[in-house]
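Counting convention: from 1, in listed order, for ligands and their atoms alike.
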Amino acid sequence: MTETTNRTTTTERDDVTFDQMKQLVGLVQHDPTKDPFPVKSMDAVEFVAGNATQSSVFYQSALGMRLVAYRGPETGFRDHRAYVLESGSARFVLKGAVDPNSPLADHHRAHGDGVSDLSLEVADVDRCVEHARSQGATVLEEPHDLSDDWGTVRVAAIATYGETRHSLVDRSRYSGPYFPGYVARTSGYRKPEGAPKRVFQAIDHCVGNVPMGEMDQWVAFYNRVMGFVNMTEFIGDDIATEYSALMSKVVANGNHRVKFPLNEPAVGKKKSQIDEFLEFYGQAGCQHIALATNDIIGSVRAMRAAGVEFLEVPDSYYDDPELRARIGEVRTPIETLKEHGILVDRDEDGYLLQIFTKPIGDRPTMFFELIERHGSLGFGIGNFKALFQAIEREQELRGNL
Ligand code: TYF
Ligand code: FE
């Protein structure tokens with residue numbers, strides 16, 4: 001990997017337009033002046049990894065991301081290494097302990113590889129923190145400035161479920177590659193020939209798993225503390241007892257750019273997949289990140305070629321005449337979706353294509369979803385049965401059902 005001393009490229013995040021985001025993640029109109037906690041977008045998803053140095057290569061090869069920044073012992077930072085990767089408007093930060101006494105070593109001991117921070121870009125950090133505090137949020141970091149030659153970032157952090165944080169970041173006065181203290185860094189990694197320019201363009205949603213009975217209080221937390229609104233799609237008692245063994249509700253910021261579904265286990269016929277997560281993560285945490293793509297077939301092909309494994313859907317899913325009737329015309333023949341194991345769902349607004357990886361680390365916890373939206377603003381409720389059956393087959397193989 002080569003290091004550069006200044007910022008040599010524009011960030012990936014600069015070249016995704018509003019219209020593309022509307023298509024990708026289902027933006028809606030919203031007036032931020034009436035919002036008590038106006039959120040612009042996700043700033044980054046921060047992961048703690050057992051080996052961030054190696055994970056950074058996986059995120060380049062498997063998810064087609066680009067290394068843009070770094071900090072670590074060579075830059076005078078001795079606690080941990082941090083690799084910043086981008087794809088379209090999405091930014092991931094991978095952190096791995098160097099110092100055996102780093103808090104990140106404890107985080108990894110407790111949770112394995114996982115998401116530590118769903119950080120949000122906001123225009124006014126102080127206003128958001130004051131509102132959050134007035135609504136009873138735990139402020140983990142008071143607003144403060146971080147500066148270097150590229151300018152100033154104002155940042156704070158509040159607590160959410162489990163040990164997960166929401167950093168609040170105003171980077172409007174900053175032109176560096178990520179944060180003060182990070183250096184621009186590129187990688188010697190080269191994509192295989194024929195790989196798509198990007199495997200994904202944006203983060204669509206980030207899902208939290210919380211203990212049984214806590215979902216509604218976390219929905220209320222996002223309503224009250226962060227001014228998030230409830231979206232209509234949810235899994236209630238009726239679906240839960242039938243086959244999902246989980247309940248789910250979705251909250252979103254005003255323009256739906258940031259969407260956080262929240263799951264809790266339900267008493268079902270079998271042990272809930274949410275209980276399996278909570279057992280192996282140790283507490284509430286982020287279960288999956290959905291990545292928006294405008295070419296899910298190209299994305300799946302590239303990820304499979306890099307060795308990523310996806311949940312398997314039985315042929316019966318595609319051969320079901322009811323599915324065929326409900327889905328109607330989509331941009332690819334159903335046979336192509338079947339070949340790749342891609343799920344499809346339609347609602348009154350349009351349709352979506354989606355697919356789920358197996359857990360990406362050693363523990364049966366975090367995984368990724370790829371989603372290609374064509375008008376639908378939902379989460380694939382029509383696929384829940386087939387999806388949960390596929391998850392349960394894996395759970396059974398792991399001996400956790
Ligand atoms: O985010 C969603 O709601 C969908 C479906 O454990 C889903 O991706 C819901 C719960 C779950 C796995 C997927
Ligand atoms: Fe999802």
Side-chain angles (χ1 to χ4, degrees), residues 24-26 42 45 90 114-115 118 161 200 202-212 214-215 218-219 222 228 230-237 239-240 242-252 256 258-266 268 270-281 284-293 296 299 310-313 317 341-347 351-360 363-373 376-395 398 400-401:
L24 273 165
V25 305
M42 293 293 298
V45 179
V115 172
L118 296 166
Y161 48 76
F200 67 102
I203 293 167
D204 188 274
H205 58 273
C206 307
V207 182
N209 281 352
V210 301
M212 189 178 289
E214 291 190 11
M215 177 183 66
W218 285 107
V219 168
Y222 282 102
F228 278 34
N230 296 354
M231 292 186 71
T232 51
E233 195 163 310
F234 66 93
I235 308 176
D237 250 332
I239 309 179
E242 192 52 33
Y243 55 75
S244 75
L246 66 87
M247 298 213 274
S248 176
K249 287 182 182 167
V250 186
V251 295
H256 294 194
V258 177
K259 298 185 283 293
F260 292 154
L262 295 156
N263 300 329
E264 70 173 21
K270 296 178 180 163
K271 178 178 164 180
S272 175
Q273 49 157 313
I274 309 305
D275 283 318
E276 187 194 29
F277 175 99
L278 294 170
E279 181 183 336
F280 285 89
Y281 198 72
C286 178
Q287 177 214 38
H288 76 265
I289 306 279
L291 308 171
T293 170
I296 197 168
S299 304
F310 292 89
L311 288 178
E312 277 143 45
V313 194
Y317 171 87
I342 295 165
L343 303 169
V344 51
D345 193 30
R346 186 182 285 279
D347 57 30
Y351 71 95
L352 61 79
L353 306 173
Q354 63 185 170
I355 190 169
F356 296 84
T357 72
K358 293 183 183 178
I360 49 132
R363 299 193 193 187
T365 51
M366 230 279 296
F367 58 87
F368 287 106
E369 169 184 355
L370 287 171
I371 182 165
E372 180 182 319
R373 293 184 183 277
S376 170
L377 304 175
F379 296 82
I381 197 164
N383 291 326
F384 284 178
K385 185 173 182 184
L387 171 64
F388 297 144
Q389 286 169 341
I391 292 175
E392 282 170 6
R393 279 192 294 277
E394 294 295 317
Q395 214 180 316
R398 293 190 285 256
N400 294 329
L401 193 65

Straight-line distance of L352 CG to N383 CG, nearest 0.5 Å: 7.0 Å
If we set the cut-off at 4.0 Å for heavy atoms, which region of N383 has an atom near ligand 1: side chain, backbone, both, or neither? neither
Shortest-distance N/O/S atom, E369 versus the Fe ion (ligand 2): OE1
Nearest-neighbour protein heavy atom for atom 8 (O) of ligand 1, which is reported as residue plus atom name and distance: E369 OE1, 2.9 Å
Quick check: do E276 and R398 have side-chain heavy atoms less than 4.5 Å from each other? yes
List ligand 1 atoms under 4.0 Å from V207, heavy atoms only on the residue side. 1 (O)
So which of D204, D345, D347 actually passes salt bridge (charged side-chain N to carboxylate O under 4.0 Å, His left out) with R373? D204
Between Q354 and E369, is the side-chain hydrogen bond (donor to acceptor under 3.5 Å, both in side chains) condition met? List the steps. CA-CA 7 Å; Q354 63 185 170; E369 169 184 355; 2.9 Å; yes
Sub-4.5 Å side-chain heavy-atom contact between Y161 and L262: yes
Can you list the atoms of ligand 1 that are under 4.0 Å from a heavy atom of L387? 5 (C), 7 (C), 13 (C)
Which one of D275, L278, V210 satisfies the side-chain contact (heavy atoms from CB on, under 4.5 Å) criterion with E264? V210
Return the residue, atom name and 0.1 Å-rounded distance of the protein heavy atom closest to atom 5 (C) of ligand 1. F384 CE2, 3.3 Å
Looking only at distances, please establish whether an N/O atom of ligand 1 is found under 3.5 Å from an N/O atom of S248. no
With the threshold set at 4.0 Å, does a side-chain nitrogen-carboxylate oxygen contact exist between R393 and E312? no
For atom 6 (O) of ligand 1, find the nearest protein heavy atom and state the residue, atom name and distance (0.1 Å precision). Q287 NE2, 2.6 Å
With the Fe ion (ligand 2) as the apex, the NE2/NE2 angle for H288 and H205 - to 10°: 110°
Counting only heavy atoms closer than 4.0 Å, does ligand 1 sit against the backbone of N263, its side chain, both, or neither? side chain
Output yes when the distance from some N or O of ligand 1 to some N or O of Q354 is under 3.5 Å, and no in every other case. no
On a heavy-atom basis, I'd like to know which of F356, F277, F379 is closest to atom 2 (C) of ligand 1. F379
Side chain proximity check, F367 to L311, heavy atoms < 4.5 angstrom: no
